Structures are given as C-alpha cells and as structure tokens.
Amino acid sequence: MLMNGFAGFMGLLQLAVIALAAFALVDAVFRREDAFRATDKQTKVFWLIILGIALVVSLLFPLLSFLPIIGLIASIVYIVDVRPAVRQISGGGGRGGSRGSSSDGPYGPYNGGR
C-alpha cells in the first residue's frame, strides 16, 4: 500500500515536471527573438533547443534519473530568470492596469514641468 502511494506521488510529480517543461517551451516559442538578444540571455533558438530537450527527456525517462532533473533545472532557470527579463523587454503580459507610456519616469508620468 505504501509503494502504491509513493508510485502515485511520483507519477503526479513527473506530470508536474512535464507540464512545467511544456509551459516553458510554449512560452519561449511565443516570445520575440530580439528580446532574448536585448536581455543578453542567450538566443531564442538556444532556449528552444534546451527546453525541447528538457520536455522530451521528462517524457522518456523516469523522474528519479538525473536527466529529467537537469531538464527541470533548465525549465526553472528559464521561468525564473529568462522569462521575466524577456517579458520586460517585449512589454508583454502585464496583469491588470496600464503599462504606462514611453514618457513615464521611475516615479510616474512626466508632465513636462507643469
């Protein structure tokens, strides 16, 4: 009974790793290529290859081998480090509210000295 519970938990964990890798890959596909270069976070092709390999490895190998762990680390690095930087450059996906304009300063909109 304990082994069935562990197997079920590992199955759910592997499903979460696959979902994370798939999300990262799909997100990278829809980002602009010049934003990757502008943020100095490698290239879009590099991240597509790394995240594609991470997804395939997480589908083919059991979670307790080291290859899916490496793919998980690559997916986490993309989501935590690369994705926010690329999103900021491309100006995409802000939640609720305005994005501001090009004349906004660090403390709010510039009103021309009025």
Side-chain angles (χ1 to χ4, degrees):
M1 186 163 116
L2 185 60
M3 289 304 287
N4 286 340
F6 181 71
F9 174 73
M10 291 306 289
L12 289 175
L13 198 58
Q14 183 152 9
L15 191 62
V17 169
I18 291 168
L20 187 70
F23 170 76
L25 180 63
V26 169
D27 185 74
V29 166
F30 288 109
R31 298 290 170 193
R32 291 186 355 217
E33 199 275 327
D34 60 335
F36 285 87
R37 284 183 278 125
T39 58
D40 232 5
K41 302 285 185 189
Q42 295 295 329
T43 63
K44 180 177 181 174
V45 173
F46 172 83
W47 281 108
L48 289 175
I49 291 170
I50 294 296
L51 295 171
I53 291 171
L55 180 61
V56 169
V57 162
S58 65
L59 286 168
L60 295 179
F61 292 98
L63 189 59
L64 291 178
S65 64
F66 72 95
L67 289 175
I69 303 295
I70 293 171
L72 175 65
I73 292 170
S75 299
I76 290 172
V77 166
Y78 175 81
I79 289 173
V80 171
D81 184 39
V82 178
R83 182 175 185 254
V86 171
R87 264 178 92 181
Q88 186 177 12
I89 292 292
S90 61
R95 289 192 187 154
S98 65
R99 287 191 219 165
S101 71
S102 62
S103 64
D104 284 355
Y107 305 110
Y110 178 70
N111 62 8
R114 291 182 230 156

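Along the sequence shown, residues are numbered consecutively beginning with 1. All values derive from a computational prediction rather than experimental measurement.
Cluster membership for Leu72 and Leu48, using ILVMFWY side-chain heavy atoms within less than 4.5 angstrom, is shared. Hydrophobic clustering, with ILVMFWY side chains joined whenever heavy atoms are under 4.5 angstrom apart, groups Val77 together with Phe46. Put simply, Ile70 and Val57 are part of the same group of oily side chains (I, L, V, M, F, W, Y) that touch within less than 4.5 Å, one to the next. Ile76 and Val82 fall within the same hydrophobic cluster, where Ile, Leu, Val, Met, Phe, Trp and Tyr residues are linked whenever their side-chain heavy atoms come under 4.5 Å apart, directly or through other members. Under a hydrophobic-cluster definition in which Ile, Leu, Val, Met, Phe, Trp and Tyr are linked whenever side-chain heavy atoms come within less than 4.5 Å, directly or via other members, Ile49 and Leu67 are assigned to the same cluster.
The shortest heavy-atom contact between Gly52 and Leu25 is N-CD1, 3.8 Å. Shortest non-hydrogen contact noted between Leu51 and Ala74 is CD2-O, 4.2 Å.
The salt bridge (Lys or Arg N to Asp or Glu O under 4.0 Å) pairs that include a residue from residues 63-72 number zero, where partners must be two or more places apart or lie in different chains. Counting only residues at least two apart or in different chains, ring-ring contact (aromatic ring centres under 6.0 Å, His included) contacts with residues 64-90 comprise Trp47-Tyr78. Sorted by first and then second residue, the salt bridge (Lys or Arg N to Asp or Glu O under 4.0 Å) pairs involving residues 66-75 (not counting sequence neighbours) form an empty list.
Between Arg31 and Arg87 there is a side-chain heavy-atom pair separated by less than 4.5 Å.
Judged by distance alone, the side chain of Lys44 and the main-chain N or O of Asp34 form no donor-acceptor pair under 3.5 Å.
For Lys41, the side-chain hydrogen bond (donor to acceptor under 3.5 Å, both in side chains) test picks out Asp81, with sequence neighbours left out. With sequence neighbours excluded, the residues forming a side-chain hydrogen bond (donor to acceptor under 3.5 Å, both in side chains) with Glu33 are Arg37, listed by chain and number.
The only option from Leu60, Leu63, Leu59 that meets the side chain to side chain contact (heavy atoms under 4.5 Å, CB included) definition with Pro68 turns out to be Leu63.
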Under 3.5 Å, which donor-acceptor pairs do the side chains of residues 12-22 form with other protein atoms, sequence neighbours left out?
| residue | atom | partner | partner atom | Å |
| --- | --- | --- | --- | --- |
| Gln14 | NE2 | Ser58 | O | 2.9 |
| Gln14 | NE2 | Phe61 | O | 2.9 |

Decide yes or no on side-chain contact (heavy atoms from CB on, under 4.5 Å) for Val45 and Phe36, but give the supporting numbers first.
CA-CA 10 Å; Val45 173; Phe36 285 87; over 6 Å; no
